[in-house]
Trainee: 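Below is a structure I'd like to ask you about.
Positions are given from 1, in the same order as the sequence printed here.
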Amino acid sequence: ETTVANLADPFLLSLEAELEKRSRSTAQRSYTRSLLDGGVPKTSAKISEEAAELNAALAGETDDRVASEAADVIYHLMVGLRARGVALRRVIEVLADRAGQSGHAEKASRKR
């Protein structure tokens, strides 16, 4: 049975592969390429902008708007990871390492 949960990992990995492809492309301009060309500062600014829009949606907009803004945050987050050369699998590993821990205890134990 195919569920959204079954599709999430393959979809995010295919999105990551597409972002990698666009990062190497010189044949055409794309929104993704323009973000990557702007470097981490441009991507970081977009992540902040999209996170603010998600916060506003969470505070009082429709569920469809929340989902749309959350998708924007995830997309821009993944572009930011690509800009830094950090693989999505690394992020998933960090989350998996934190599973089952108290959030307060995990945060207190982080290395800076």
Trainee: Return the set of residues passing salt bridge (Lys or Arg N to Asp or Glu O under 4.0 Å) with Glu50 (not counting sequence neighbours), or none when no residue passes.
Mentor: Lys46
Trainee: Where the side chain of Ser34 meets the backbone of Tyr31, is there a donor-acceptor pair that is under 3.5 Å apart?
Mentor: yes
Trainee: Mind checking the CD1-CG spacing from Ile74 to Leu12? Nearest 0.5 Å is all I need.
Mentor: 6.5 Å
Trainee: Do Val91 and Leu77 come within less than 4.5 Å of each other through their side chains, counting heavy atoms only?
Mentor: no
Trainee: Taking side chain as C-beta onward, heavy atoms only, is Leu35 less than 4.5 Å from Arg82?
Mentor: no
Trainee: Could you tell me whether the side chain of Thr43 and the main chain of Val40 form a donor-acceptor pair under 3.5 Å?
Mentor: no
Trainee: Could you work out, with side-chain contact (heavy atoms from CB on, under 4.5 Å) as the rule, every residue matching Glu93, not counting sequence neighbours?
Mentor: Arg90
Trainee: How close do Leu54 and Val66 get, heavy atom to heavy atom, and via which atoms?
Mentor: CD1-O, 3.7 Å
Trainee: Considering non-hydrogen atoms only, spot the tightest contact between Ser30 and Arg33 and give its length.
Mentor: OG-N, 3.0 Å
Trainee: Where do Leu13 and Arg89 come nearest, in terms of heavy atoms and distance?
Mentor: CD1-NH2, 3.1 Å
Trainee: When you look at CG of Asp63, are more than 12 heavy atoms from neighbouring residues, nucleotides or ligands closer to it than 6.0 Å?
Mentor: no
Trainee: Starting from Ile92, can I reach Phe11 by hopping between I/L/V/M/F/W/Y residues whose side chains sit under 4.5 Å apart?
Mentor: yes
Trainee: Provide the closest heavy-atom pair for Met78 versus Leu88 in the form atom of the first, atom of the second, distance.
Mentor: CE-CD2, 3.9 Å
Trainee: Any idea which heavy atoms bring Arg65 and Ala57 closest together, and the distance?
Mentor: CG-CB, 4.0 Å
Trainee: Quick check: closest heavy atoms across Ser23 and Leu36, and the distance to 0.1 Å?
Mentor: CB-CD1, 3.4 Å
Trainee: Do Leu15 and Val79 belong together in a cluster built from hydrophobic side chains that touch within less than 4.5 Å?
Mentor: yes
Trainee: Sort and list the pairs that fulfil ring-ring contact (aromatic ring centres under 6.0 Å, His included) and have at least one residue in residues 39-63, not counting sequence neighbours.
Mentor: none
Trainee: Taking Ser44 for the side chain and Pro41 for the main chain, is one N or O donor matched with an acceptor at less than 3.5 Å?
Mentor: no
